[in-house]
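Heads up, the thing below is written out as structure tokens.
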There are 2 protein chains.
Amino acid sequence: MNKSDLKLISVLERTGGFASAQELHQILRREGDGIGLTTVYRALQSLVDDKIVDLLRRDDGEAIYRLCGDGHHHHLVCKGCGQTVEIEGGAIENWAKTMAEEFGFREVAHTAEIFGLCSKC
Amino acid sequence: MNKSDLKLISVLERTGGFASAQELHQILRREGDGIGLTTVYRALQSLVDDKIVDLLRRDDGEAIYRLCGDGHHHHLVCKGCGQTVEIEGGAIENWAKTMAEEFGFREVAHTAEIFGLCSKC
DNA sequence: TATGGAAATGATAATCATTTTCATTTGTGA
DNA sequence: TCACAAATGAAAATGATTATCATTTCCATA
């Protein structure tokens with residue numbers, strides 16, 4: 001956790017919601033911070049690794065970032081507008097554990113996302 | 001619906017599951033078809049527009065396609081050696097459907113992968 | 001305080017999927 | 001056969017992301 005990481009966290013706190021690396025970079029630049037795009041990408045990656053921010057994808061594939069809510073959760077993402085709902089994955093946790101056991105896997109993690117069109121789109 | 005569209009559908013039927021545009025192009029080339037990458041992208045786009053194939057995103061943002069309503073499966077991947085097991089996701093299908101309904105989402109698709117260490121690693 | 005090495009930084013170039021452009025080919029109805 | 005629209009694909013353009021690498025900043029220790 002270094003200075004750049006903290007800057008990014010600060011921007012994400014203030015903006016709320018999702019933002020792309022390029023947008024976050026522009027915001028910092030606009031605020032007079034001379035931070036480089038490379039550093040923005042590095043900081044975001046490190047924050048994702050530390051599970052401090054979530055990384056999702058916009059419809060066009062661009063990566064978007066947001067501060068993690070607490071705890072383990074999954075996402076329900078609208079393909080139209082990008083609106084995202086954090087959901088619990090109770091059934092998934094069991095499924096992952098069961099499948100892993102069945103095939104003798106240990107130290108398991110899993111990913112699961114649901115994509116669709118929200119009621120507005 | 002033209003000749004290229006049909007070629008792509010045929011490949012997707014044979015491979016099953018997801019494949020990227022680049023992969024689909026390589027498969028067709030390997031089979032002796034001189035189809036161009038541009039045409040592959042165009043055909044996939046038109047199939048997505050017609051809701052004949054689903055478009056999702058891999059973790060790295062690359063677009064992946066699969067036939068709609070395809071009986072699909074999930075993967076159990078070893079972080080050590082890369083060995084992959086195809087597994088059924090019965091519990092997940094229901095979970096995804098339930099969650100989507102709860103939040104008023106339609107045309108839903110989902111991704112789910114489990115990562116761990118296999119018995120040999 | 002000086003110093004030496006490790007970590008952080010950022011400009012630049014490279015990568016890679018995807019989209020545009022545009023000239024050529026193919027198919028089709030008159 | 002002719003004219004014309006649709007389809008095709010090579011090549012260039014685009015845009016996000018990653019790799020390189022020289023330089024700067026930290027920081028512990030002498």
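Chain identifiers are assigned alphabetically (A, B, ...) following the order of the sequence lines, protein sequences preceding nucleic acid strands; residue numbering begins at 1 within each chain.
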Next item on the list: Mind running ring-ring contact (aromatic ring centres under 6.0 Å, His included) on B/His110 and B/Trp95 for me, showing each step along the way?
Entry: CA-CA 10 Å; B/His110 63 267; B/Trp95 171 76; 7.7 Å; no
Note to self: I need the full list of salt bridge (Lys or Arg N to Asp or Glu O under 4.0 Å) pairs touching residues 87-98 of chain B, with sequence neighbours left out, sorted by first then second residue.
What the structure shows: none
Next item on the list: Would you mind reading off the distance between B/Asp59 atom CG and D/dA16 atom C1', rounded to a whole angstrom?
Entry: 16 Å
Next item on the list: Take the protein atom CD of A/Glu62 and the nucleotide atom P of C/dT18, then report the distance between them rounded to whole Å.
Entry: 14 Å
Notebook entry, point to check: When the distance from CG of B/Leu8 to P of D/dG9 is rounded to whole Å, what number comes out?
Noted result: 11 Å
Notebook entry, point to check: Over how many whole Å does the gap from A/Arg58 atom CZ to C/dT18 atom P extend?
Noted result: 17 Å
Next item on the list: Examine the side chains of B/Arg14 and B/Ser10 and answer whether a donor and an acceptor come within less than 3.5 Å of each other.
Entry: yes
Note to self: Side-chain N or O of B/Tyr41 versus OP1/OP2 of C/dT19: is the shortest distance under 4.0 Å?
What the structure shows: no
Note to self: If the helix axis at each end comes from five base pairs, how far does the helix from C/dT1-D/dA30 to C/dA30-D/dT1 deviate from straight, to 10°?
What the structure shows: 10°
Next item on the list: Identify whether B/Val108 and A/Leu56 are in the same connected component of the hydrophobic contact network (ILVMFWY, side-chain heavy atoms under 4.5 Å).
Entry: no
Notebook entry, point to check: Going by heavy atoms in the side chains, are A/Met1 and A/Ile9 under 4.5 Å from each other?
Noted result: yes
Notebook entry, point to check: To the nearest Å, how far apart are A/His25 NE2 and D/dG15 P?
Noted result: 17 Å
Notebook entry, point to check: For atom CG of A/Asp49, is the number of surrounding heavy atoms from other residues, nucleotides or ligands below 6.0 Å larger than 12?
Noted result: yes
Next item on the list: Treat primed atoms plus P, OP1 and OP2 as sugar-phosphate and everything else as base, then score nucleotides 5-10 of chain C 5' to 3': B for base contact with protein heavy atoms under 4.0 Å, S for sugar-phosphate contact only, - for none.
Entry: ---SBB
Next item on the list: Would you mind classifying the nucleic acid contact of B/Gln22 as base, sugar-phosphate or nothing, using non-hydrogen atoms under 4.0 angstrom?
Entry: base
Margin query: Same cluster or not: B/Leu44 versus B/Ile52, using hydrophobic residues (I, L, V, M, F, W, Y) connected whenever any side-chain heavy atoms lie under 4.5 Å apart?
Written below: yes
Next item on the list: Please report, rounded to the nearest Å, how far the C1' atom of D/dA16 is from the CG atom of A/Leu55.
Entry: 13 Å
Note to self: Between A/Arg106 and B/Gly116 (side chain of the first, backbone of the second, donor and acceptor by atom type, cut-off under 3.5 Å), is there such a pair?
What the structure shows: no
Checklist line | Value in whole Å for how far the P atom of C/dA17 lies from CD1 of B/Ile64 | finding: 14 Å
Note to self: Tell me the interatomic distance from A/Asp60, atom CG, to C/dT19, atom P, rounded to whole angstroms.
What the structure shows: 9 Å
Item checked: A/Arg66 with A/Glu86: basic N within carboxylate O range, under 4.0 Å -> yes
